[in-house]
Q: 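Got a structure for you, written out below as C-alpha cells; questions coming shortly.
For reference, positions follow the sequence shown, starting with 1. One-based numbering, in listed order, for ligands and for the atoms of each.
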Amino acid sequence: MRYISTRGQVAPVTSAEAIKLGIAPDGGLFVPWEGVNLSQDEFALMRSMSYQERAVAILEKFLTDFTVDELKAHVEAAYGPGKFDHPDVAPVRLIHDNVYALELWHGPTCAFKDMALQLLPHLLTASTRKTGEDAHIAVLVATSGDTGKAALEGFRDVPGTSIIVFYPAEGVSLVQERQMVTQEGGNVHVVAVEGNFDDAQNGVKNIFQDQGIKEVLEKRKIKFSSANSINWGRLVPQIVYYISAYLDLAKMNGVKTGQPVNVVVPTGNFGNILAAFYAKQMGLPVNKLICAANANNVLTDFIRTGVYDRNRPFMKTISPSMDILISSNLERLLWEIAGRDPEPVRGWMRQLQETGRYQVGFEVLKKIQGTFWSDWANDQETLATIRSTYDACGYLLDTHTAVAVKVYHRYRKETGDDTPTLIASTASPFKFAGSVAEAILGPDVASRHDEFSLLRLLAEKCGLAIPRGLQGLENKPVRHRLKVSPGEMASTVLKLLAE
Ligand SMILES: *Cc1c(COP(=O)(O)O)cnc(C)c1O
C-alpha cells in the first residue's frame, strides 16, 4: 500500500514514510492510494475478537510495511491492560431507544484523542527506524486543548523524540490547561500562545514549511514531525473503533448484520468523522455521517451550500475542542470526493490560503450531501441537552458529545430517519466539569466553586467516579510557564530544541 499527497506533487511513499513526514512536502495530506475493503468473512471473523485483535486486523490493511508482530506489539503498548480504564477500550452504551454512545474517552487523558495518540508514538518511532532515519524526532503540536495533553502522555519519555505543545492561552478549560502545564517527562515542552487555536495551528504549519529552521535543525540531526490529526498515523487508529463499535452493536442486538447505522460526530478538525468515512469506504454499513458543529459552524455551512468560508468571527464556546475555523482533514475528503484528482484540491486550498474561502461545484456538493448531513448547536442548547439527557436517561454527556446529541435530535426530527445511531462520545463529562456542572447543578453552584471542586460535586451528585487522569490535578506542581506571541513561536522552537 502506497500513500500519495492530496496535492499530487509528491512521489508515492510507504506508510512508514507518510507517518514519519506527517504532512506531505507539497503541503498536502497523505492518503492511501488504493481502496481498502473488508470482506463479509473478515467482518464475521472480527466479531469474536478483542478490541486489540480487531485493531491489528484493520491496521494490517493500511500499514502494509509493518509486520503483524510489530503491529501486535504497538497495539499492546497502546491499548493493553491498564492503559484504558475499560476492558473494551471503546465501549458502546445505550443512551435511549436505538441511540448509542461510542465512548472514546477511557484513556489516560479522558478524551478521544487518546485512541490515536496512545498508538501514534509507537508507529512514529517504528516508522523512523524503518525508513533508515537516525535523526532525533521533534514533534510539534498545536492544540485546542485535548490533543496537547494526549500527545504529551503518548510521547513522554519515548526515546529519540521530543515534543513541543502550543495551546491558545485563552482557549482551553482550566482543567485542560492544568493537565498540560503539570506534564511530567524529560522530553516535553508546553507553551501558551497569545491567540486562538487557528493562530497556534497556523504558527505550527508555518514552522513546518520554514526551510531556514529545517536547515538549522538538520545540522543538529533533528527532524520535525507532526502529531496533529493531519498525520496518517493519527487517522488510521480512529478507523478501528467505528468498525469495532458496529461489531459490538451487532452483539448487543442493536443492529442485524449488514443493517446500516448512522454515525454522529462532534467535529472540529474533521479527523474523527473522516475516520468514519474511511470505515464506510471499507464496507462498514453506514447510512448517514452526521457532522455536528458548535457556533464555529463553518462545516455546517459547507455541507449545506458547498461554500467554505472561514471569514467570520472566531467564537469561544463551551466545546473548545471544536472551536476551529480551518478543518484541515477536510482536504482528504475533498480529494476522495473529487475523484482523487489533486488538481481541484490544489485550487481550493490555494483559494483558502489566499482569501479564506472556496466553493466546490454542484457535482461535488451532491456527492458530499449523499453521505453527510450537518447542523450546529449553540452553548445554550448544549447545556440544555446535557440536562435533559441526564434527566431522561441518567446519562451524563460532556459539552462536545452534547452538541452531537442535540444535532442528532434535529436530524431525526427533520428527516424522520430512525436508523440505529452511534454517537461518538469524545470526552468524559469530568473533563469539562465547569460547564457540565452548570447544566446539572445550576449556574449558581457553578459560579461559586472552582472547576476542581465542581469535579467532586458532580461526582457526588451523579454517583460517578472521577477518572484517574483528573484526580488530584490542583495539587500537582506546575512545570511549564512559557507564554509567547504567534510571531515568537519559531524562535521558541529553536530555543527549546537547543536545550
Ligand atoms: C478533538 C476533539 C473533537 C473534534 O475532533 P476532530 O477530529 O478534530 O473533528 C471533538 N470533541 C473532543 C472532546 C475533542 O477532543
Q: Which of parallel (below 30°), tilted (30 to 60°) and perpendicular (above 60°) describes Tyr411 and Trp373?
A: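 Correct class here is perpendicular.
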Q: For the pair Phe112 and Tyr241, name the ring-plane relationship: parallel under 30°, tilted 30 to 60°, perpendicular over 60°.
A: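 If you compare the ring of Phe112 with that of Tyr241, the planes turn out perpendicular.
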Q: Enter the distance from Asn269:CG to Met322:CE here, rounded to the nearest 0.5 Å.
A: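 The CE atom of Met322 is 12.0 Å from CG of Asn269, to the nearest 0.5 Å.
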Q: Tell me the residues surrounding ligand 1, counting only those with a heavy atom closer than 4.0 angstrom, sorted by chain and number.
A: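 Those residues closer than 4.0 Å to ligand 1 by some heavy atom are Phe112, Lys113, Asp146, Pro266, Thr267, Gly268, Asn269, Phe270, Gly271, Asn272, Ser321, Met322, His400, Thr426, Ala427.
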Q: For the pair Arg332 and Glu336, find out whether any cationic side-chain nitrogen is under 4.0 Å from an anionic carboxylate oxygen.
A: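 No salt bridge links Arg332 with Glu336.
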Q: Let me confirm one number: the CD1-CG distance from Ile303 to Asp375, rounded to the nearest 0.5 Å.
A: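 Interatomic distance, Ile303 CD1 to Asp375 CG, rounded to 0.5 Å: 10.5 Å.
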Q: In terms of relative ring orientation, are Tyr51 and Tyr79 parallel, tilted or perpendicular, with 30° and 60° separating the classes?
A: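 Because their plane-to-plane angle is over 60°, the rings of Tyr51 and Tyr79 count as perpendicular.
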